[in-house]
Each structure stands twice: as C-alpha cells, then as structure tokens.
Amino acid sequence: LNDQAETVLLRLARGSGVRSLAGMRPVTDIENGVPLWRPLLGVPREHLALSLQDYQIEAHEDAHNSDERFLRVKIRQRLMPLLREVIGDGVDLALSRTAWLSQMDADALDAIAARAWTDCIDSEEIVTSRMAELPLAIQTRILRTWLVARGAKSASLTLEHVMAVHRLMSDPRISGPIKVAGGLEVSRESGRLRA
C-alpha cells in the first residue's frame, strides 16, 4: 500500500494522466499471458513487518530502498512523513484509493475508445469528422493507439506528440505533415489522417 501511495505521488509530480495515476495493478499481464501478481498491494508496510516478526521470518531489505539517489526513496523518507504529519496517517490509504479509482476510470475510458475505434478508423486512416464527435479524452486515446499501431515507439510518444497530431486533425490552418516519435510522419488529406 505504501509503495502504491509513493507511485501515485511520483507520477502526479511528473504530470501523468489517469492511466499512469492508476499505479500498480494487483495482477498485470507481463508477457504472453504470464501474470505478475501483487497480492500484498493493499497491505501497509508496517503490517507486513509485524507479521514477519510474529512468524519469525527474516525480511530481505533491498539496499536501494535507503539510497537517496533515487527519487522514490526521497519521497518515502522525506515527503511521505511530512504528508502524514500535515494531512494525517490516512494519506497512504487515500493515495492508494486514488490509484484504484484511476484504474476504474482509465479502464472505462479505454473501453469507450476501443468501441469508438472501429467507427473512426478506415483503411488504417483516421476519419477526422468521426473523431470530432468524441470527447477529447477518447480522441487522444484513439490517436495514441493509432500512432503506436503505425510504428511510433510507445515509450517515447509524449502528450505533446499526441496533441500535435490532434491539432493537425482539428485545425484546418495546419496542413502538416508533422513528425512524431520513432520517425513517424502524419499528414491530413481529404478529411483523413495518414501515417
């Protein structure tokens, strides 16, 4: 639970969206259907430590957990104690709850975007008039998914890239083409985005 709270704060400070604020999931598909399980994600660190003591189990302490060269350690050792002092001891649980709520919201938005995808994509091109009817949160999800499908590197695709493509799509004064992550070039022709 404490790691989840730290993750939410770290991502919030970086200006992340709701998908990123969703933090770690209890189960994540890491590769080819192989799940990564986090069964203790909702358990506070202090409770785990006490349980290990009760059962006389020695815990492994990763040396990185106290190395302040890492931003997460600074958040853990400096910011979280200050937040607990100022806001109260429930701040870890509140931040963890934010992750859970963000997971639900992100899943719902992703599902809506997936349904809208079939209406907006034709022959691997985006039909701009169909996109215009959708809320911005859905448009940006479709654009991001489309850019990755067309070859943009997901890890280097930023909000700025997605919004530049959105401007190309929605502003008739911009003719393009524009370059996005991974050397991908996007243009608008006859009411369609092409990559």
(message) Apply side chain to side chain contact (heavy atoms under 4.5 Å, CB included) to residues Arg38 and Val27 and explain how you reach the verdict.
(response) CA-CA 6 Å; Arg38 296 182 184 93; Val27 181; over 6 Å; no
(request) Determine, step by step, whether Arg19 and Ser102 satisfy the side-chain hydrogen bond (donor to acceptor under 3.5 Å, both in side chains) criterion, reporting the C-alpha distance in whole Å, the side-chain angles of both residues, the deciding distance to 0.1 Å, and the verdict. (result) CA-CA 7 Å; Arg19 169 61 60 209; Ser102 296; over 6 Å; no
(message) As a quick check of understanding, evaluate side chain to side chain contact (heavy atoms under 4.5 Å, CB included) for Thr98 and Leu12, giving each step before the final call.
(response) CA-CA 11 Å; Thr98 296; Leu12 182 63; over 6 Å; no
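Clustering ILVMFWY residues whenever any of their side-chain heavy atoms sit less than 4.5 angstrom apart, transitively, puts Ile142 in the very cluster that holds Ile178. Under the 4.5 Å side-chain heavy-atom criterion for grouping Ile, Leu, Val, Met, Phe, Trp and Tyr, Leu52 is not connected to Leu40 through any hydrophobic cluster. Under the 4.5 Å side-chain heavy-atom criterion for grouping Ile, Leu, Val, Met, Phe, Trp and Tyr, Trp37 is not connected to Met24 through any hydrophobic cluster. Following chains of ILVMFWY side-chain contacts shorter than 4.5 Å, one can reach Ile112 starting from Ile121, so the two form part of one hydrophobic cluster. The hydrophobic clustering, which links ILVMFWY residues whose side-chain heavy atoms are closer than 4.5 Å, places Leu10 and Val73 apart.
What you find for Pro35 and Gly33 is that their closest heavy atoms are CD-O, 3.2 Å. Between Pro172 and Arg188, the shortest heavy-atom distance links the atoms O-NH2, 3.4 Å. The nearest pair of heavy atoms linking Ala195 to Leu184 is CB-CD1, 3.9 Å. Closest heavy-atom contact between Met163 and Leu136: CE-CD1, 4.4 Å.
Looking at Leu41 and Leu1, their side chains never come closer than 4.5 Å, going by heavy atoms from C-beta outward. Side-chain atoms of Asp29 and Leu36, non-hydrogen and from C-beta on, never get closer than 4.5 Å to each other. Inter-residue side-chain proximity for Leu93 and Gln4 is flagged as unmet; no heavy-atom pair is nearer than 4.5 Å. Side-chain contact check for Leu157 versus Val148: some heavy-atom pair is nearer than 4.5 Å. The closest side-chain heavy-atom distance from Pro44 to Asn2 is below 4.5 Å. Here the side chains of Lys179 and His161 are not in contact, with every heavy-atom distance at 4.5 Å or above. Residues Cys120 and Leu134 form a side-chain contact, since some pair of their non-hydrogen atoms from C-beta on lies under 4.5 Å apart. Between Ile126 and Val165, every side-chain heavy-atom pair lies at or beyond the 4.5 Å cut-off.
Here the side chain of Gln139 pairs a donor or acceptor atom with the backbone of Met131 at under 3.5 angstrom. Under a 3.5 Å cut-off, the side chain of Arg192 and the backbone N or O of Glu125 do not form any donor-acceptor pair. Not one N or O on the side chain of Trp146 forms a donor-acceptor pair closer than 3.5 Å with the backbone of Leu193. Side-chain atoms of Thr118 come within 3.5 Å of backbone atoms of Arg115 as a donor-acceptor pair (strictly under, hydrogens ignored). Judged by distance alone, with hydrogens and angles left aside, the side-chain atoms of Thr128 form a donor-acceptor pair with the main-chain N or O of Gly191 at under 3.5 Å. Put simply, the side chain of Gln103 gets close to the backbone of Ala22: a donor and an acceptor are under 3.5 Å apart.
Environment of CH2 in Trp100: sparse, with no more than 12 heavy atoms of neighbouring residues, nucleotides or ligands closer than 6.0 Å.
Note that CG of Leu109 is 5.0 Å distant from CD1 of Ile138, once rounded to the nearest 0.5 Å. A distance of 13.5 Å separates OG in Ser187 from CD1 in Ile174, rounded to the nearest 0.5 Å. Atom CG of Leu79 and atom CG of Leu71 lie 9.5 Å apart (nearest 0.5 Å). Note that CZ of Arg194 and CD of Glu185 are 13.5 Å apart. Values are rounded to the nearest 0.5 Å.
Listed by first and then second residue, the side chain to side chain donor-acceptor pair (under 3.5 Å) pairs involving residues 72-89 are Asp3-Arg76, Glu6-Arg72, Glu6-Arg76, Thr7-Arg72, Asn65-Arg76, Glu68-Arg78, Arg84-Asp92 (not counting sequence neighbours). Pairs of residues two or more places apart, or lying in two chains, that qualify as salt bridge (charged side-chain N to carboxylate O under 4.0 Å, His left out) and include a residue from residues 136-145 are Asp110-Arg141.
Under the side-chain hydrogen bond (donor to acceptor under 3.5 Å, both in side chains) criterion, Asp105 pairs with no residue, sequence neighbours left out.
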